[in-house]
2 protein chains.
Amino acid sequence: MNIGEIAKRSGVSRSTVSYALSGKRPVSENTRRRIQAVIDELGYRPNATAKALKEGRTRTIGLVIPPASQRLTEMQLGFVASVVDAAARADLDVLLSPSGGEHDRSFERVVGGRRVDGVILMEIRLEDDRVTRLRQSGLPFVGIGRTSRPDEMSWVDIDYETLISQCVHHLADLGHRRIALVNRSTELMAAGYGPAHRAQAGFDQAVAERGLEGVRTCCADDARAGVSCVARLLADHPDLTAIATINETAMPGMYRAIERAGLTVPRDFSIAGVAGRHWAENLHPPLTAADVPADELGAQAVDLLIRQISDPAAPHRGALVSPPISLRGTTGPAPAR
Amino acid sequence: MNIGEIAKRSGVSRSTVSYALSGKRPVSENTRRRIQAVIDELGYRPNATAKALKEGRTRTIGLVIPPASQRLTEMQLGFVASVVDAAARADLDVLLSPSGGEHDRSFERVVGGRRVDGVILMEIRLEDDRVTRLRQSGLPFVGIGRTSRPDEMSWVDIDYETLISQCVHHLADLGHRRIALVNRSTELMAAGYGPAHRAQAGFDQAVAERGLEGVRTCCADDARAGVSCVARLLADHPDLTAIATINETAMPGMYRAIERAGLTVPRDFSIAGVAGRHWAENLHPPLTAADVPADELGAQAVDLLIRQISDPAAPHRGALVSPPISLRGTTGPAPAR
DNA sequence: TTGTATGCGTTATCAC
DNA sequence: GTGATAACGCATACAA
């Protein structure tokens with residue numbers, strides 16, 4: 001079923017059908033109706049592939065996610081959801097590309113084959129091959145996250161450095177002197193994952209500014225790791241009274257370890273972090289945290305991308321988001337010892 | 001950068017370049033090398049859109065998910081992840097379509113515009129317009145879930161009816177006489193959502209078979225709803241000793257309500273259900289549940305779809321999965337009252 | 001108001 | 001072993 005068939009059955013030329021559909025040229029009411037009748041009868045829909053080839057754009061954006069096998073964090077899911085939603089609102093489809101490993105067929109298909117008009121890149125590292133590849137490809141792209149040279153691209157990002165610093169200052173204000181940072185996994189750290197490094201930098205700086213005793217530790221992205229990580233932390237540093245963290249997924253486990261150590265939050269121990277609002281609220285007790293507006297970030301990324309697509313020559317833009325910390329009751333005065 | 005440019009620079013015709021790339025016709029080692037050199041130098045990649053138009057297939061599958069705005073459950077995420085992974089293994093890309101509301105542009109674009117070679121449909125209702133639409137479109141599709149007439153399509157599904165029935169029998173074996181079913185939301189029930197209806201059917205049947213007192217209730221898909229739902233349940237039915245549930249997302253809240261009522265699991269109260277393994281294991285305490293193998297189901301759906309695509313005339317197939325219940329310690333003998 | 005002709009980038013048929 | 005050429009289905013510049 002193609003436009004030629006419709007034309008034949010309506011007794012007009014293909015271009016007339018095309019124009020009747022697009023409205024880019026006046027078509028007499030009479031023929032328009034005749035054409036529409038045939039279209040309705042046969043259930044004709046223009047072939048999107050042919051249209052894309054002709055117009056030179058696919059009306060599709062690529063969303064590069066971490067390999068699905070390694071379960072996505074709540075926040076990453078929030079990004080995916082909001083990107084998909086925002087794209088749908090703009091009548092754009094989303095092509096998913098699970099990437100992140102280096103030798104990557106899916107990524108190369110999407111980017112090299114020009115299957116999309118632009119790309120949104122998640123989980124960016126400080127040095128990221130995919131950014132290099134996208135830059136050379138000339139395809140518009142926006143990062144959720146940024147490399148160590150943010151000027152080279154458009155991006156939206158969470159200001160982990162500032163946020164963790166603020167958490168530490170908040171805890172210091174409450175009298176805590178010995179604070180631990182529970183970061184993301186050692187692997188991500190080693191891979192140069194931006195948020196992990198920036199959180200650490202913010203932590204180090206705040207600890208130095210306030211003359212605190214800071215302990216840094218990495219923790220895998222799951223509840224079980226959270227348990228063992230915090231258990232070890234409490235064993236090794238018995239005088240620890242607070243934790244700052246960006247590791248959403250490990251949080252339930254961290255709670256559990258604190259509880260098992262016989263400590264009550266926030267009376268004996270405080271905890272503050274960075275997490276999606278929904279996640280922070282649903283912890284038990286709800287976590288004092290900087291609420292990352294995942295939906296806004298995704299929408300903003302789509303927005304920036306659409307802008308880049310419509311004007312590829314436009315200068316890069318970056319948007320650093322640092323939401324306020326919502327007090328929810330997991331932080332309190334440092335216990336007297 | 002297109003194939004003509006490569007041909008010109010290599011001093012051969014476009015067809016030779018095409019054949020050098022596809023290997024579908026012998027090309028002399030010499031010219032092959034010359035062509036490859038030019039390709040490498042210019043970083044040429046065949047345009048996927050043009051290829052799709054010519055070949056009549058897009059090497060893309062559509063994945064129809066519930067609107068992202070309503071957060072997906074852990075299990076749904078598992079399906080998405082496994083579908084994306086399985087598709088990537090088969091060198092297929094995945095186009096996401098957030099659908100489910102009725103007036104649906106994204107769905108229509110993907111299906112009507114033939115942007116994909118086939119579709120995987122999630123969250124199917126007993127009567128589902130999208131199934132009707134897909135059937136009439138002639139596009140191969142596979143459901144994760146099935147309508148009330150399973151013969152009309154290919155699908156993979158979880159046997160909620162049997163699984164919930166088994167949960168009830170297990171609880172009855174332990175001496176429980178008054179058991180509640182915590183189902184999915186009233187809205188899903190009203191919308192004719194298969195799992196909710198089938199779980200209820202399985203519950204009713206098992207309750208009847210064992211001569212138990214059964215209470216059925218719906219519960220929205222979040223922890224908070226789980227709390228209020230179970231709190232009400234315990235208030236209205238003080239002699240309740242067990243719950244069977246398929247509502248993953250509400251489970252943490254259900255635990256909380258039971259705890260707040262001063263009951264200890266499994267000593268005072270038992271709970272069993274259907275959930276993803278990862279989810280069940282990470283509850284605290286880990287839930288006795290039928291472990292839904294989301295990854296297997298997704299992979300199987302992709303498999304079925306690929307089969308449908310390569311042989312559209314092949315008969316429909318259905319696969320009903322009913323994983324065994326893993327005892328994890330949230331069920332115990334009914335308390336003496 | 002409508003029709004004809006061309007090209008988007010590719011693959012594949014036919015000819016040499 | 002290689003080249004010219006015709007589609008794939010659409011949009012649009014050019015004619016009438």
Side-chain angles (χ1 to χ4, degrees), chain A residues 1-36 38-39 42-60 93 109-117 137-139, chain B residues 1-36 38-39 42-60 93 109-117 137-139:
Chain A
M1 187 51 39
N2 58 32
I3 201 172
E5 187 66 23
I6 303 297
K8 195 185 302 175
R9 302 213 193 195
S10 321
V12 297
S13 73
R14 291 182 322 194
S15 55
T16 301
V17 177
S18 179
Y19 284 119
L21 245 29
S22 71
K24 293 189 181 175
R25 178 167 100 171
V27 171
S28 83
E29 187 52 24
N30 209 308
T31 54
R32 208 198 51 71
R33 247 204 295 274
R34 223 171 48 244
I35 291 170
Q36 192 58 49
V38 176
I39 286 177
L42 301 188
Y44 165 75
R45 293 285 175 203
N47 179 306
T49 304
K51 179 180 260 187
L53 177 59
K54 175 63 186 167
E55 295 188 334
R57 61 172 169 178
T58 60
R59 297 183 185 279
T60 304
D93 288 317
R109 266 201 313 271
V110 170
V111 174
R114 310 205 83 86
R115 304 204 46 153
V116 298
D117 298 334
S137 83
L139 208 57
Chain B
M1 188 52 40
N2 59 31
I3 201 171
E5 186 66 23
I6 303 298
K8 194 185 302 175
R9 302 213 193 194
S10 320
V12 297
S13 71
R14 291 181 319 193
S15 50
T16 301
V17 176
S18 178
Y19 285 119
L21 246 30
S22 71
K24 293 188 181 175
R25 180 167 99 171
V27 171
S28 84
E29 185 53 23
N30 208 307
T31 53
R32 206 196 54 70
R33 248 204 294 274
R34 224 172 46 244
I35 291 170
Q36 191 58 51
V38 176
I39 285 178
L42 301 189
Y44 163 76
R45 294 286 176 202
N47 180 305
T49 304
K51 182 181 248 182
L53 177 58
K54 177 60 187 170
E55 294 188 331
R57 62 172 167 177
T58 61
R59 298 186 185 277
T60 304
D93 288 317
R109 267 202 311 273
V110 170
V111 174
R114 308 206 84 86
R115 305 204 44 152
V116 298
D117 297 336
S137 82
L139 208 56

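Below, chains carry the letters A, B, ... as their sequence lines are ordered, and counting in each starts from 1. Below, all heavy atoms of this structure are taken into account, side chains as well, without hydrogens, waters or symmetry copies.
Residue contacts shown for G11(B) are limited to sugar-phosphate atoms, with no base heavy atom under 4.0 Å away.
Within the 4.0 Å cut-off from OP1 or OP2 of dC10(D), not a single side-chain nitrogen or oxygen of S18(A) is found.
Checked by atom type and distance alone, the side chain of S15(A) never pairs as donor or acceptor with a backbone atom of S13(A) at under 3.5 Å. S10(B) places a side-chain N or O within donor-acceptor distance of the main-chain N or O of I6(B), the cut-off being under 3.5 Å.
A straight line from CD1 of I3(B) to P of dG3(D) spans 12 Å, rounded to a whole angstrom. Atom CG in L21(A) sits roughly 16 Å away from atom P in dG9(D) (whole-Å rounding).
Of the residues in residues 46-57 of chain A, those lying under 4.0 Å from DNA chain C by heavy-atom distance are L53(A), K54(A). DNA chain D lies under 4.0 Å from no heavy atom of any residue of residues 29-36 of chain A.
With contacts defined as side-chain heavy-atom distances shorter than 4.5 Å, the pair Y44(B)/L21(B) qualifies.
With respect to R59(B) and D93(B), no salt bridge is recorded, no charged nitrogen being found less than 4.0 Å from a carboxylate O.
When DNA chain C is scanned in the 5' to 3' direction for atoms under 4.0 Å from non-hydrogen atoms of chain A, the outermost contacting nucleotides are dT1(C) to dG9(C).
Applying the 3.5 Å distance criterion, the base of dG3(D) shares a donor-acceptor pair with the side chain of R25(B). Between the side chain of S15(B) and the base of dG3(D) there is at least one donor-acceptor pair of N/O atoms closer than 3.5 Å.
Between S18(A) and R25(A), the side chains place no donor N or O within less than 3.5 Å of an acceptor N or O (distance only, hydrogens not considered). T60(B) and R115(A) form a side-chain donor-acceptor contact under 3.5 Å, judged by distance and modelled atom types alone.
Residue R45(A) places its CZ atom among 12 or fewer non-hydrogen atoms of other residues, nucleotides or ligands, all under 6.0 Å distant.
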